[in-house]
Amino acid sequence: MQFKRKRDFISTTVFNVCLTAVVFLVNGGHSESREFVPGAVHGSSDPRLIGSPMFIKEPEPYYYIVKNRPINIHCKAVSAVQIKFRCAGVDQYHEITEEYFDSNLNKKVISSRLEVTRDEVKDYFGEGGFWCECYATNSLQDTDNGKKIKSRKGMVEIAMMRRWFEHEPMSLRAALDTDAQLTCLPPEGKPRPEVFWLKNGEEIDIKKTNNIISSEGNLLFPQVRISDTGNYTCGARNVVAKRISQSAVLTVYVNGSWSTWSQWSTCSVKCGRGSQKRYRACTNPTPLNGGAPCVGETSQKTECTAICPVRGQWSMWSSWSTCSPDCLHHRRRSCDDPPPENGGGYCSGNDLDSTNCTGGMCRERTLYGDLRGPVKTATTVGPNAGSGNIALYIGICVSIVVLAIFVILVALAIRRKSQNANNSNQPPLTDEEKKAHKNGNGVVSVPPDLTQTVVIVQHNNMNNGISRSPSLEAPNNNHVNSVENIYDKPDISPSMDSRLSGGTLTKNGKTLFVEPTFMNNRPQEKLPYEKDVPPPVPLGPRPPIQNNNVMDSRQSMMSVQLPSNIDMEAVAWTTFNHQGGRLVLSDSGVALTVPEGAIKKGHTEELFIAVCRDDKDRPKLSDHQTVISPVILVGPVKHDMLKPVILSVQHCANMRQGGWMLSLCTSDTPTDEPPRWHKIVTLGQETINTPIYAQLDPNHCHIMTEYLQRYALIGEAVHGGKPIKILRLAAFAPMMPPSMDFSIRVYVVEDTQDALESVIQEERKFGGRLLDKPKQIPFQDGGHNLCLTIEELTPGWRSKLAANYQEIPFQHIWSGTQNNLHCSFSLELVDRAYHKVSCKIQVYQKAILSNRQVLNISNNFKEKSTSCSTPSSTLKGRSSTVTTNSSSGFSSMVTLDPQGQNFRLPTHIRTRLCMLLDPPNARGNDWRMLAQALTVDRYVQFFATKGSPTEHILDLWEARHREETAVTDLMNIFRVMGRLDAASVLEEDRGSWL
């Protein structure tokens, strides 16, 4: 067979050479101007006129031969004169080649097809399987000018599927509203069989149900219902066969539960001791499908005592009264012997008895009376008896009304007169001021009296040099402290005060700046004004960014997407395509990894990450919760990805000590609205419906999510736990030498790269300098305050405070809702001969002696000081190089490494690893063991619900492991797992990329 193929190749080559010569002569000796002839094989003989060959169609990664039907491998190339095949290291000579002109490419295309039969694959016993690849050249002979390229390999295998399932589903009973799983392991086959499920003989449409088929083939029920009861059958199919397993019965049972108790019945007797009952039924719900019946009694009986009614009885009659003028006397009795009780009847009869007391001999009464009897007169009341009083009341009311109207008119006249007098004393308005009053756009204020030593300033919130008036109604995340604390008011020297933006007063067209302190929670504040101090210079804009294209890019698109309160130093953006990449905020320790395939092929998306440092952006927490990470905004908000991206952010929780219960909060509100936070998951309490996976490392949290929105990590103590939060201490002071006072500001922030960077950026604006290396200090939950004392102060200086001691309340630190929290120590120079100040600041947590740190302060005012900078050696987990993928418009805050690789594993290596590790096997050393070896198996169901668990595990591995030895460590993990085939995949191409 090989000899026949060589003979056919020689005949074909001779024929093609002759045909080329004929075409050359027909074209008059000008081969470059000939037309393309259908069926021709070769082009110009000069490779320089053709150019470098390039494949436009390569072999597929896998081919499967079904039964005895051969497969065809296609290759297409441009700028080539011939295409050859090589299979399993042997050149092939029976390919079919044709060429045509592609109007879209405006080039000649050579297409070659090779047929591979079942016998060729079956008879091959070499290592690595039967494979084929293409070679395209732009010359007929191997010359120096000719170029030759090789395509990727295509594996050719015989399609098959074994008859028996490796694991068939078993009947299962599940309680209502619980999760359930029917396991199934399909037969071994090539290609890997697709698993499907049948319910009562009909195939289940996963898109229309709440079921999930895992990558292994198991049928998952997140929450079983009564309607899920039925016969389930596992099926497997590929291109060669279809198999059906034995049926399994899923029974959803309902355990019975009692209804509420009925009301107690009435007592069985009306008087004395009896009994009463109440009832309940096992109907909430009723037991179903063999569910457990209710445990307990259906009725309860208790004793009762019915109080007997007491009928009232009359007491004895009283003695007769004296004889009245009516010739009657009376006697009375009461119904109180005994009185009626408990519903007993009242005494029957009258309680008053009257009778004649003269024996019928009563005296006659006359109108005028006489000495024999009393004179009885009647008082007549007519309709005009009260008319005089009514007139009096009406007169009094009218008088009061008239008096009130008079008083109001007098008050209005006095007020108008006072206003006219004030207007006459003011200077006339200028044309501009009149125009401003007319349009309602300006307000003319009364000039301040500069002879006064105190002025009142209305404070405005300042953010990035932009004045914002305070909101009348705070959103659910605004936390404004109404309590003033001495540690929240830094003592800034006049030279530094001159750089703050504050309130302004105008007089005669000139601007007078009055500088506020850092406390901007109070509406008004009195500040001393000194005439001798030169007028301060207002704070200028930020220094320009090195890359001019960054501002243009932000104004073109990102200015629409980002909130107005985001700092330019805390945002980065770039454009991604289907290949993905990494976007890193190096100064904040935040990274976004976009894996390959997260964006649709042929599309590009502009994504950004930003750190929200405004206190209003932080979640509203309870007293026991704390924020342990920066608030990160990934956008555009509500833009979902095709597969999860990985957001990596630092946290300040001490995981070694334990005692933490951590939760991830998100907010999907638009960027121009205040965030409305909600808890999406508590780590360790994930369910099959949890859409996010959070991998917690000692210093970082890696969030796998398909949703772009705000994220924050919060923590609280478990029951009986005492978690520890790591803080960072940093001391700053003004750069300018003091005249009399020296202010030291000690910041207490979370131990994250972004928290310290925010402090340094803030101090850089004010000209501050770092006095000592930032240091860590543990801070334990329990309510103990943080204490700061200043000790060993240099002679010639003294503290302006009554005591060299300050405390920061526990809740202000633990809540984590205030950025750049600090306190100030003000030192006073008492001897001008000293030009150096040094001291120690002891920082410790009250009642916990082990949580202690010391800041060594030393400052020589004669030495030239430099502005504060970020010492990279002081920050935990800070990387020295950052790799970022960008196809257009990246932020200047992103560190670029053009020669670096975004991903450690090339696409073809990842594809082969997924093919090896995704299928489950009996030894268990598949993707599950890989997840366990990489310590990402806390919530393994997240990966099980994905199409390729290995692909998502490797995506997370790319984000977590950026060290140089990452690939070597992964190779060793494969060896420990017993997967030498996966390790050999990494070793094959290590010369080119490892």
Side-chain angles (χ1 to χ4, degrees), residues 212 214-216 218 220 580 582 590-598 629 641 643-651 653 655-656 658 660-664 680-707 711 713 877 903-905 909-910 913-914 916-921 923-963 965-979 982-983 986:
I212 299 173
S214 69
S215 60
E216 295 179 341
N218 301 330
L220 307 179
R582 280 174 54 85
V590 181
L592 178 68
T593 303
V594 181
E596 182 179 1
S629 76
M641 312 298 289
K643 63 182 295 190
V645 299
I646 300 96
L647 175 64
S648 303
V649 60
Q650 291 181 339
H651 66 81
M655 304 308 299
R656 296 180 180 178
W660 284 102
M661 182 172 67
L662 303 180
S663 302
L664 188 64
I680 190 170
V681 63
T682 298
L683 273 64
Q685 301 179 11
E686 295 90 344
T687 65
I688 198 170
N689 294 323
T690 303
I692 287 178
Y693 178 80
Q695 173 65 26
L696 194 68
D697 290 342
N699 299 330
H700 289 78
C701 181
H702 306 276
I703 305 168
M704 296 190 70
T705 177
E706 298 177 6
Y707 312 103
Y711 291 94
L713 192 63
F903 301 120
R904 304 300 177 91
L905 300 180
I909 296 296
R910 292 166 59 95
L913 291 177
C914 294
L916 292 173
L917 299 177
D918 279 346
N921 55 39
R923 295 180 57 188
N925 57 350
D926 48 19
W927 65 268
R928 291 180 180 271
M929 185 177 289
L930 176 63
Q932 183 179 5
L934 295 176
T935 66
V936 294
D937 58 335
R938 179 180 54 81
Y939 172 42
V940 75
Q941 290 295 337
F942 176 84
F943 302 104
T945 57
K946 305 301 179 183
S948 175
T950 307
E951 180 182 4
H952 289 74
I953 293 174
L954 293 178
D955 290 341
L956 183 57
W957 173 83
E958 291 277 6
R960 293 179 63 203
H961 299 279
R962 305 303 301 172
E963 62 273 11
T965 61
V967 179
T968 304
D969 296 339
L970 182 62
M971 189 186 306
N972 293 331
I973 288 176
F974 288 147
R975 292 193 180 102
V976 174
M977 290 172 53
R979 296 305 299 261
L986 296 181

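Treat the numbers as computed from the prediction; the structure is a model and nothing was measured.
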Treating [X] as the side-chain partner and [Y] as the backbone partner, does any N or O pair qualify as donor plus acceptor under 3.5 Å?
| X | Y | answer |
| --- | --- | --- |
| Arg928 | Val940 | no |
| Gln941 | Glu686 | no |
| Thr945 | Ser214 | no |
| Tyr939 | Thr687 | yes |

Does Val594 form a side-chain contact (heavy atoms from CB on, under 4.5 Å) with Arg582? I'd like the steps, not just the answer. CA-CA 6 Å; Val594 181; Arg582 280 174 54 85; over 6 Å; no

Do [X] and [Y] touch side chain to side chain, with heavy atoms closer than 4.5 Å?
| X | Y | result |
| --- | --- | --- |
| Glu216 | Pro920 | yes |
| Arg975 | Asn972 | yes |
| Pro691 | Ile680 | yes |
| Arg904 | Arg910 | no |
| Arg938 | Leu696 | no |
| Pro644 | Phe942 | yes |
| Trp927 | Leu916 | no |
| Leu917 | Phe974 | yes |

Roughly how far apart are [X] [atom1] and [Y] [atom2], rounded to 0.5 Å?
| X | Y | atom1 | atom2 | result |
| --- | --- | --- | --- | --- |
| Asp926 | Met977 | CG | CE | 7.0 Å |
| Leu954 | Leu970 | CG | CG | 7.0 Å |
| Asn921 | Met929 | CG | CE | 8.0 Å |
| Thr682 | Leu662 | OG1 | CG | 9.0 Å |
| Ile973 | Asp969 | CD1 | CG | 6.5 Å |

Before giving the answer on side-chain contact (heavy atoms from CB on, under 4.5 Å), spell out for Leu905 and Trp957 the whole-Å C-alpha distance, their side-chain angles and the decisive distance to 0.1 Å. CA-CA 10 Å; Leu905 300 180; Trp957 173 83; 3.8 Å; yes

Which atom pair, heavy atoms only, marks the closest approach of Pro919 to Cys914?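 Taking every non-hydrogen atom into account, CD-O, 4.1 Å.
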
We want to know whether Thr705 and Tyr711 form a side-chain donor-acceptor pair, criterion being a heavy-atom distance below 3.5 angstrom.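 Side chains of Thr705 and Tyr711: pair found under 3.5 Å.
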
Thinking salt bridges, do Asp955 and Lys946 make one under a 4.0 Å N-O criterion?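 Answer for the salt bridge query: no.
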
Check against side-chain contact (heavy atoms from CB on, under 4.5 Å), Leu913 and Leu986: CA-CA 9 Å; Leu913 291 177; Leu986 296 181; 4.2 Å; yes

Go through Ser215 and Phe943 one step at a time and tell me if the side-chain contact (heavy atoms from CB on, under 4.5 Å) criterion holds. CA-CA 8 Å; Ser215 60; Phe943 302 104; over 6 Å; no

When Lys643 is tested against each of Glu596, His952, Glu951, Glu706 for side-chain hydrogen bond (donor to acceptor under 3.5 Å, both in side chains), which residue passes?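 Only one of Glu596, His952, Glu951, Glu706 forms a side-chain hydrogen bond (donor to acceptor under 3.5 Å, both in side chains) with Lys643, namely Glu951.
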
Using side chain to side chain contact (heavy atoms under 4.5 Å, CB included) as the criterion, point out the one residue from Ile646, Ile703, Val645, Val649 that pairs with Leu592.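 The option that passes is Val645.
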
Set of side-chain hydrogen bond (donor to acceptor under 3.5 Å, both in side chains) partners for Asp697, sequence neighbours left out: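 Partners of Asp697 by the side-chain hydrogen bond (donor to acceptor under 3.5 Å, both in side chains) criterion, ordered by chain and then number, come out as Gln695, His702, Arg960.
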
